[in-house]
Amino acid sequence: MASDTHIEIDRARIKELTEREAARLDERTQGSREFYARAQRSLVGGVASSYQSRDPWPIYLSRGKGARVWDVDGNEYLDFHNGFGSMVQGHAHPAITRAVNERIELGTHFAAPTEDAIVVGEELSRRWGLPKWRYVNSGSEATMDAIRIARAATGRDTIVKIFGSYHGHHDYVMVSIGVEYDKIGDRFELDSLPYGLGIPQAVSEMTIAVPFNDAEAMERRIERLVEEGRAPACVIMEPAMMNLGVVLPEPGYLEAVREITRKHGVLLIFDEVKTGLCIAAGGAVERFGVVPDLVTLAKALGGGLPSGAIGGTSEAFELVEAGKVVQVGTYNGNPLSMAAARANLLEVMTPEAYAHLDALNEHLLEGCQTVISKYSFPGYSVGIGSKGCVTFSPEKITDYLTFKANQDAELCELAWLYNMNRDVYMTPGREEEWTLSIAHTFEHCDRFVAAFEEMADDLTA
Ligand SMILES: Cc1ncc(COP(=O)(O)O)c(C=O)c1O
């Protein structure tokens with residue numbers, strides 16, 4: 001947890017070290033610079049998704065194996081990014097590679113159901129304790145369809161989300177995410193702010209944001225929405241926030257949310273696109289013991305192939321079952337993705353794999369916390385399952401408001417540069433958490449800690 005006494009970090013020193021480390025990284029990634037120059041001619045911004053952008057150029061990767069990835073310059077990194085948490089299995093896992101190779105020979109797409117889709121559904125039902133499943137191809141599709149199902153089930157349009165949470169790139173949820181602190185609004189009356197251009201005002205106004213870890217604020221807002229004649233269809237939320245570093249639910253919070261949503265006839269959707277399969281075999285539902293009406297999965301489900309799933313109670317899925325909610329998609333349940341997901345679930349992400357991840361993460365979190373204490377650094381380490389981070393803040397972050405009030409973007413950028421120059425690959429330029437893979441070792445975690453300690457040492461020299 002956040003230390004009581006901490007040093008003030010010299011901002012000029014951060015700037016000086018950032019310049020030094022950025023120059024060093026530029027020097028070792030000249031191949032990426034050339035790729036970028038070429039890519040800009042055909043790819044918008046030189047990348048496939050804006051989340052891959054980086055100044056002055058993105059680092060282009062060529063391959064991955066186990067816990068390692070290589071960039072186009074041949075630099076070898078230990079991968080703590082792991083494709084935004086999709087690769088908790090490690091890269092090119094033999095069981096997944098075998099399953100995909102076998103499937104490829106048998107045909108890759110029919111838009112007809114296959115046995116693997118049934119097996120995956122059975123295993124997800126077992127893990128999450130939710131009986132019914134459907135597939136999609138990404139996290140965005142999963143949350144979009146889950147919201148439609150909730151709207152149909154309740155006959156309501158308004159939805160509630162957590163301020164600062166990301167649930168994918170469709171209009172319903174591209175609201176109240178990364179905005180300036182002074183524009184957020186009052187805690188009990190947070191604003192509905194479109195995230196980027198092109199989101200219709202009418203759509204963003206249907207999405208109401210409430211702060212994380214504050215059941216009272218949620219209930220008050222829901223009650224007001226009921227009074228205004230626009231009771232919400234659902235609350236969609238990550239059970240543990242994974243895009244402000246890691247923000248865990250305070251004890252009793254998820255239970256309270258479950259009670260509030262039930263009381264007001266609001267469906268509860270746990271967006272487990274990041275937590276699912278990464279923090280426990282049965283995700284946050286297993287870890288925290290609170291069962292929502294619907295759950296969304298993606299990322300780690302397909303072991304590196306595009307996939308996603310929506311799970312839920314029989315009641316939640318009633319109108320889909322009856323054909324009244326049209327939940328469809330040409331590539332839903334794609335045989336290649338399902339073969340990968342089957343191997344992933346049955347052969348790779350086993351109870352032993354989760355025990356290994358828990359032990360590794362404890363080791364890494366402890367290592368980082370030791371450095372923080374040794375240098376009286378403002379911050380703390382926090383994590384769960386394969387996920388974790390060092391939060392550079394003198395105070396504990398519990399929601400977007402505390403995050404924005406304490407965010408240290410400069411220090412985050414410097415930590416990223418230190419990692420990259422010491423062969424630790426992390427998500428560029430933001431408060432992303434690490435995701436460990438089952439191919440990681442204790443020694444790999446020590447290398448992460450060593451890079452962090454070097455930065456702390458240089459900053460306090
Ligand atoms: C919690 C959460 N939900 C949904 C999504 C969207 O997933 P995708 O990028 O696969 O559409 C993300 C992506 O980062 C996410 O973190």
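Atoms within each ligand, like the ligands themselves, are counted from 1 in listed order.
Taking the charged nitrogens against the carboxylate oxygens, Asp157 and Arg230 have no contact shorter than 4.0 Å, which rules out a salt bridge. Note on Lys263 versus Glu259: no salt bridge recorded, every NZ/NE/NH1/NH2 to OD/OE distance being 4.0 Å or above. Salt bridge annotation for Arg187-Asp399: present, with a cationic side-chain nitrogen under 4.0 angstrom from a carboxylate oxygen. For the pair Arg342 and Glu347, the salt-bridge criterion is not met [side-chain N within less than 4.0 Å of a carboxylate O]. Taking 4.0 Å as the cut-off between side-chain N and carboxylate O, Lys274 and Glu432 count as a salt-bridged pair.
The Gly168 neighbourhood of ligand 1 comprises atoms 4 (C), 5 (C), 6 (C), with distances under 4.0 Å to a heavy atom of that residue. Remark: ligand 1 atoms within the under-4.0 Å shell around heavy atoms of Lys274 are 16 (O). The Ser138 neighbourhood of ligand 1 comprises atoms 10 (O), 11 (O), with distances under 4.0 Å to a heavy atom of that residue.
If you check which protein heavy atom lies closest to atom 3 (N) of ligand 1, you get Asp271 OD2, 2.6 Å. For atom 13 (C) of ligand 1, the nearest protein heavy atom (residue, atom name, distance) is Lys299 NZ, 3.0 Å. Of all protein heavy atoms, the one closest to atom 11 (O) of ligand 1 is Ser140 OG, 2.6 Å.
If you look at Met242 next to ligand 1, there are no close heavy atoms at all, none under 4.0 Å. Both the backbone and the side chain of Tyr166 come within contact range of ligand 1, each with a heavy atom under 4.0 Å.
Ring centers of Phe212 and Tyr400: at least 6.0 Å apart, outside the cut-off.
Scanning Gly276, Ser307, Gly139 for the heavy atom closest to atom 8 (P) of ligand 1 points to Gly139. The residue among Glu238, Met241, His167 with a heavy atom at the shortest distance from atom 4 (C) of ligand 1 is His167.
Around CZ of Phe288, the count of heavy atoms belonging to other residues, nucleotides or ligands within 6.0 Å exceeds 12.
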